[in-house]
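Right, one structure below, let's go through it.
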Amino acid sequence: MPGDKIGFIGIGNMGSPMAANLLRAGYQVMVYDSNPEQVKRFTADQQTSAAASLAQLGSAVDVVITMLPTGRDVRKVMLEQEQGALAENLKQGSLLIDMSSSDPIGTQQLGTALAERGIQFIDAPVSGGVPGAINASLAIMIGSNDQAATERARPILAAMGKRLFETGPLGSGYAMKALNNIVAGTGFIAIAEALIIGKTFGLEPTVMIDILNSSTGRSFNSEYTFVNHVLKQAYTSGFNLALLSKDVGIAADLATGLGLDAPVIDLASKRWQEAARGLGPGKDFTEGYAWWESVIKPKSGN
Ligand code: NAD
């Protein structure tokens, strides 16, 4: 049985299959989630224990993995909830692997606060969506200031992902993840607008997607997302619109923070924020297409 005992916090759409893969690889995993329904669902399917509190989790494990909505949630769980009981109860030399798509700004502060408590910290956000989480084929981007911590994390990460990339210092994985999502998110908008223009002209959307997928316009979104979710109006990819809006916002803020003018990224981020506001909470990101279809209309006189 692999050595480190793992505490997995955040067993949502991604965390559940990722934690299940750790169990499959032989790790001892204790889970924690603030939503009791998620815990009930996970422990009904898997032979594992759930922590009743962060204090209990902290005193039982060697490695904590977080798969939470935002970096703010990671900070709360590590240092604030239950008066900071998680960090208080973890042993010296424990390791936090944050696999959420968190904000690179603020990471150094969290790293310093954890180092003062003797806790190692690396960021390891993922790409590949829910299918990648289920199949253990995620791409994992590791940011770390501590090579020993990276080596300790590698076998754990390898149980959840296919390709492990070392991107540079702590926070660099987060930056890369946000940049991946702005590229994918901008591409999604380009396909959506092209379909709406084509439909208005008289082209058939299924034929258009077929042609894009045999041509230079193809991408993950055209080959997978539009075929399986948008054209079927299924909107069930498992990636929430609010989470994508957060990610593209991180990428746009990164450009601004570095003093770089990136107008396409800035506009794409604004378009996703508008879609999130327009559609309201709890929507899958793929429903962004329906939003743009409802708001992009020919100007009067055309
Ligand atoms: P999710 O909302 O399905 O899961 C998040 C889980 O965290 C929920 O079960 C929630 O109850 C729990 N949680 C929230 N706050 C908590 C707290 N304070 N304490 C304990 N538990 C708490 O989200 P997800 O889709 O699994 O995404 C998780 C992270 O992974 C996000 O940062 C997201 O951007 C990123 N991500 C998602 C996908 C995807 O396709 N869904 C792909 C790659 C990366």
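Both ligands and their constituent atoms are indexed starting at 1 by order of listing.
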Below 3.5 Å only, please: the N or O atoms of ligand 1 paired with protein N or O atoms, distance on each line.
| residue | atom | partner | partner atom | Å |
| --- | --- | --- | --- | --- |
| ligand 1 | 3 (O) | N13 | N | 2.9 |
| ligand 1 | 3 (O) | N13 | ND2 | 3.4 |
| ligand 1 | 9 (O) | D33 | OD1 | 3.3 |
| ligand 1 | 9 (O) | D33 | OD2 | 2.6 |
| ligand 1 | 9 (O) | Q38 | NE2 | 3.1 |
| ligand 1 | 11 (O) | D33 | OD1 | 2.6 |
| ligand 1 | 18 (N) | Q81 | OE1 | 2.8 |
| ligand 1 | 21 (N) | S34 | N | 3.1 |
| ligand 1 | 21 (N) | S34 | OG | 3.3 |
| ligand 1 | 26 (O) | N13 | N | 3.3 |
| ligand 1 | 26 (O) | M14 | N | 2.9 |
| ligand 1 | 32 (O) | L68 | O | 3.0 |
| ligand 1 | 32 (O) | P69 | O | 2.9 |
| ligand 1 | 32 (O) | S101 | N | 3.0 |
| ligand 1 | 32 (O) | K246 | NZ | 3.0 |
| ligand 1 | 34 (O) | K246 | NZ | 2.9 |
| ligand 1 | 41 (N) | G238 | O | 2.9 |

Between [X] and [Y], does at least one N-O distance fall below 4.0 Å, as a salt bridge requires?
| X | Y | value |
| --- | --- | --- |
| D45 | R41 | no |
| E166 | R154 | yes |
| K177 | D247 | no |

For residues 136-144, dump all side-chain donor-acceptor pairs below 3.5 Å to protein atoms at least two apart in sequence or in another chain.
| residue | atom | partner | partner atom | Å |
| --- | --- | --- | --- | --- |
| S144 | OG | D146 | N | 2.9 |
| S144 | OG | D146 | O | 2.9 |
| S144 | OG | T150 | OG1 | 2.8 |

Side-chain polar contacts of residues 185-202 - donor-acceptor pairs under 3.5 angstrom, sequence neighbours left out - could you list them?
| residue | atom | partner | partner atom | Å |
| --- | --- | --- | --- | --- |
| T186 | OG1 | I182 | O | 2.6 |
| K199 | NZ | E293 | OE2 | 2.5 |
| T200 | OG1 | I196 | O | 2.7 |

Counterpart residues, ring pair (Phe, Tyr, Trp, His ring centres under 6.0 Å), relative to Y235 (two or more places apart):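 Scan of Y235 (ring pair (Phe, Tyr, Trp, His ring centres under 6.0 Å), adjacent residues dropped) gives none.
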
